Amino acid sequence: MRCYVFPGQGTQKKGMGRSLFGRFPDLRCRADRVLGYSIEELCLENPERRLSETAFAQPAIYVVNALHWSAAQEDLPPADFFAGHSLGEYSALFAAGAFDFETGLTLVQRRAELMSQVSGGAMAAVVGVSEQIVEETLKQHDATGVVIANYNAPEQFVLSGSSEELARIKLVFEKVEGVRGFVPVRVSGPFHAPAMAPAAARFRGLLASVDVGELRTPVISNVTGRPFGPDAQEVRELLAEQIAKPVRWTDCIRYLRDAGVSVFTELSESKVLTSLIDRITTAQEPAPDLRRDLIERIKREILQPEIGDEALGFDEDASFRQLGLNSIIYVRLARRAGTVLGVPIKPDVIFRHRSCAALADYLLTPDDVAQAAAPEAPPAPLREYQDERVTALLRDCANGTLSVDRTIEAIRAIA
């Protein structure tokens with residue numbers, strides 16, 4: 001399955017959308033009518049450096065995200081999910097059919113105005129340490145006015161608070177072991193923090209009059225890290241809450257991975273979200289345990305066909321002798337191991353390494369190490385019978401001269 005993701009504020013830059021405005025002129029004209037100014041001029045020329053202002057940056061990003069979505073509809077396969085980071089959530093909801101382009105842009109424009117009115121705060125990213133270390137550092141240094149606003153990746157968090165407190169705590173974090181950076185974020189206020197509660201309350205009143213349609217494709221909420229439900233009022237409430245609550249991007253991506261998404265495509269000229277997703281998925285996937293996997297294969301694919309389901313619960317360190325294996329079985333195990341694992345294995349190897357764990361360790365040991373550690377006279381895999389004819393048959397079976405079935409028949413005939 002695939003998910004298309006849309007970035008939020010901080011990705012704005014002069015020249016954004018240059019290759020798409022000419023391709024979708026109708027969308028550009030509709031944006032101009034809603035905003036009352038030329039969106040193309042704002043994005044391509046950045047007059048008076050307006051893209052650094054929240055009131056202009058958010059509408060610009062929403063429009064350019066919509067241009068990328070228009071291109072994706074023509075160029076890319078359908079998505080199974082949408083997600084957006086902070087402001088990008090509006091692009092995801094637009095793509096999913098929650099509202100039309102103009103309604104979404106009107107909401108974004110008003111949201112930007114309300115958020116820009118909250119002054120005296122800032123945001124900064126802490127990179128390199130866990131959530132626990134970030135929380136403990138804030139608590140130990142009494143940074144009560146600073147909170148985690150964005151859970152971007154397992155070792156990347158964005159703090160939100162007063163400019164003075166962030167400046168003070170910056171010096172603290174720069175001395176914390178493991179911190180690779182304390183980087184200011186290009187926003188004008190303490191977004192996704194309690195200080196934004198008044199803006200969220202005013203925005204909630206605006207959302208009350210907005211029609212929210214049924215989502216054609218699931219969209220993941222920044223607030224919950226789970227899909228928006230079918231209730232339009234829930235969508236409105238979560239959009240209002242998002243202004244003053246943290247963006248749980250790590251939870252969003254983990255939910256999508258658990259839901260079966262394997263392809264993430266960032267609809268943007270930025271690759272910020274692509275980088276974050278890579279960090280999240282890399283941290284989520286444990287390194288393969290080759291030894292454990294091999295032990296389970298030995299039980300399931302080599303032992304079980306010979307002795308039945310008892311093999312699946314067999315102690316990995318217990319000797320095969322506990323299973324009552326005789327010499328013929330060791331030969332058959334060696335044959336089966338060679339077939340299953342694709343490497344030649346002699347019966348004496350099975351005999352010498354008489355447990356699942358020991359056999360796995362032997363197979364995972366480099367040849368040069370194994371040879372150096374090998375005993376000079378390894379024990380014979382075949383029990384020396386008093387009847388030399390049986391011993392001869394077993395040796396012929398071990399070296400491949402006789403088949404297992406033929407050997408068994410011959411031994412029975414002797415008996």
Side-chain angles (χ1 to χ4, degrees), residues 1-9 34 58-59 61-62 65-66 69 78-115 118 147-152 158 160 191-261 264 267 273 277 280:
M1 289 195 288
R2 66 181 60 243
C3 177
Y4 293 150
V5 297
F6 299 89
Q9 191 169 349
V34 172
Q58 291 194 14
I61 293 168
Y62 174 85
N65 283 354
W69 166 236
D80 300 290
F81 290 91
F82 293 116
H85 189 283
S86 187
L87 167 66
E89 191 165 86
Y90 290 79
S91 302
L93 288 167
F94 159 60
F99 37 68
D100 59 29
F101 171 74
E102 286 87 351
T103 299
L105 182 54
T106 300
L107 286 173
V108 167
Q109 184 180 33
R110 184 56 179 150
R111 176 184 187 266
E113 291 171 353
L114 291 171
M115 293 176 72
V118 179
V147 298
I148 298 179
N150 294 354
Y151 295 79
N152 283 342
V158 176
S160 188
F191 301 163
H192 303 295
M196 303 301 294
R202 289 193 289 272
F203 192 58
R204 184 176 286 106
L206 173 63
L207 285 165
S209 61
V210 174
D211 289 330
V212 177
E214 183 178 353
L215 302 184
R216 297 186 295 264
T217 303
V219 177
I220 310 303
S221 164
N222 284 187
V223 174
T224 65
R226 296 292 183 271
F228 284 97
D231 182 20
Q233 182 54 36
E234 179 195 4
V235 176
R236 297 188 193 96
E237 184 59 31
L238 288 174
L239 287 177
E241 289 184 15
Q242 190 226 63
I243 292 177
K245 288 194 173 182
V247 172
R248 298 190 176 277
W249 187 248
T250 299
D251 289 345
C252 292
I253 300 305
R254 286 177 172 165
Y255 174 86
L256 288 164
R257 285 299 302 268
D258 290 343
V261 173
F264 292 88
L267 299 185
L273 297 185
I277 292 168
I280 294 168

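Throughout, numbering of the chain's residues begins at 1 and tracks the sequence. Note that this is a predicted model, so its numbers are computed, not measured.
Distance check, rounded to the nearest 0.5 Å: CD of Glu234 to OG1 of Thr224 gives 7.5 Å. Here CZ of Arg204 is found 6.5 Å from CD of Glu241. Values are rounded to the nearest 0.5 Å. Between Gln233 atom CD and Leu238 atom CG the span is 10.0 Å, to the nearest 0.5 Å. Taken to the nearest 0.5 Å, the CZ atom of Arg236 stands 8.0 Å off from the CG atom of Asp231. Note that the CG atom of Leu256 and the CD1 atom of Ile277 stand 8.5 Å from one another [nearest 0.5 Å]. Rounding to the nearest 0.5 Å gives a distance of 10.5 Å between CZ of Arg248 and OG of Ser221.
In this structure, the side chains of Val158 and Asn152 come closer than 4.5 Å at one or more pairs of heavy atoms. Side-chain contact between Arg254 and Ile280: present, with at least one pair of heavy atoms (C-beta onward) separated by less than 4.5 Å. Inter-residue side-chain proximity for Leu93 and Leu239 is flagged as met; some heavy-atom pair is nearer than 4.5 Å. Counting heavy atoms from C-beta outward, Leu273 and Trp249 have side chains that approach closer than 4.5 Å. Contact check for Val261 versus Tyr255: no side-chain heavy atoms found under the 4.5 Å cut-off. For the pair His85 and Gln9, the minimum side-chain heavy-atom distance is 4.5 Å or more. Considering only heavy atoms from C-beta on, Val247 comes within 4.5 Å of Ser86 through its side chain. Looking at heavy atoms from C-beta onward, Trp69 lies out of side-chain contact with Ser91 at the 4.5 angstrom threshold.
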Dump the intermediate steps for side chain to side chain contact (heavy atoms under 4.5 Å, CB included) on Phe82 and Leu215, then the final yes or no. CA-CA 10 Å; Phe82 293 116; Leu215 302 184; over 6 Å; no
Begin with the C-alpha distance, continue with both residues' side-chain angles, and end with the deciding distance and a verdict on side chain to side chain contact (heavy atoms under 4.5 Å, CB included) for Phe203 and Leu107. CA-CA 9 Å; Phe203 192 58; Leu107 286 173; 4.2 Å; yes
Exercise for review: I would like to know whether Thr217 and Tyr4 meet side chain to side chain contact (heavy atoms under 4.5 Å, CB included); could you show each step before the answer?
Suggested key: CA-CA 11 Å; Thr217 303; Tyr4 293 150; over 6 Å; no
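Between Ala244 and Ala200, the closest heavy-atom pair is CB-CB, 4.3 Å. Minimum interatomic distance between Ala195 and Val118 (heavy atoms only, all atoms of both residues): O-CG1, 3.9 Å. The two residues Pro59 and Ala112 make their nearest non-hydrogen contact at CD-CB, 4.2 Å. Ala240 approaches Leu207 most closely through the heavy-atom pair N-CD1, 3.7 Å.
No option in Phe6, Phe101, Tyr90 other than Phe101 meets the ring-ring contact (aromatic ring centres under 6.0 Å, His included) test with Tyr62.
Sorted by first and then second residue, the salt bridge (Lys or Arg N to Asp or Glu O under 4.0 Å) pairs with a member in residues 100-112 read Arg30-Glu102, Arg110-Glu113; sequence neighbours excluded.
The closest donor-acceptor contact from the side chain of Ser160 to the backbone of His192 lies at 3.5 Å or more, if one exists at all. A donor-acceptor pair is defined here as one N or O able to donate and one able to accept, closer than 3.5 Å; no such pair exists between the side chain of Asp251 and the backbone of Arg226. Side-chain atoms of Glu89 come within 3.5 Å of backbone atoms of Asn222 as a donor-acceptor pair (strictly under, hydrogens ignored). Of the possible donor and acceptor atoms, one in the side chain of Asn65 sits under 3.5 Å from a partner among the backbone N and O of Pro7.
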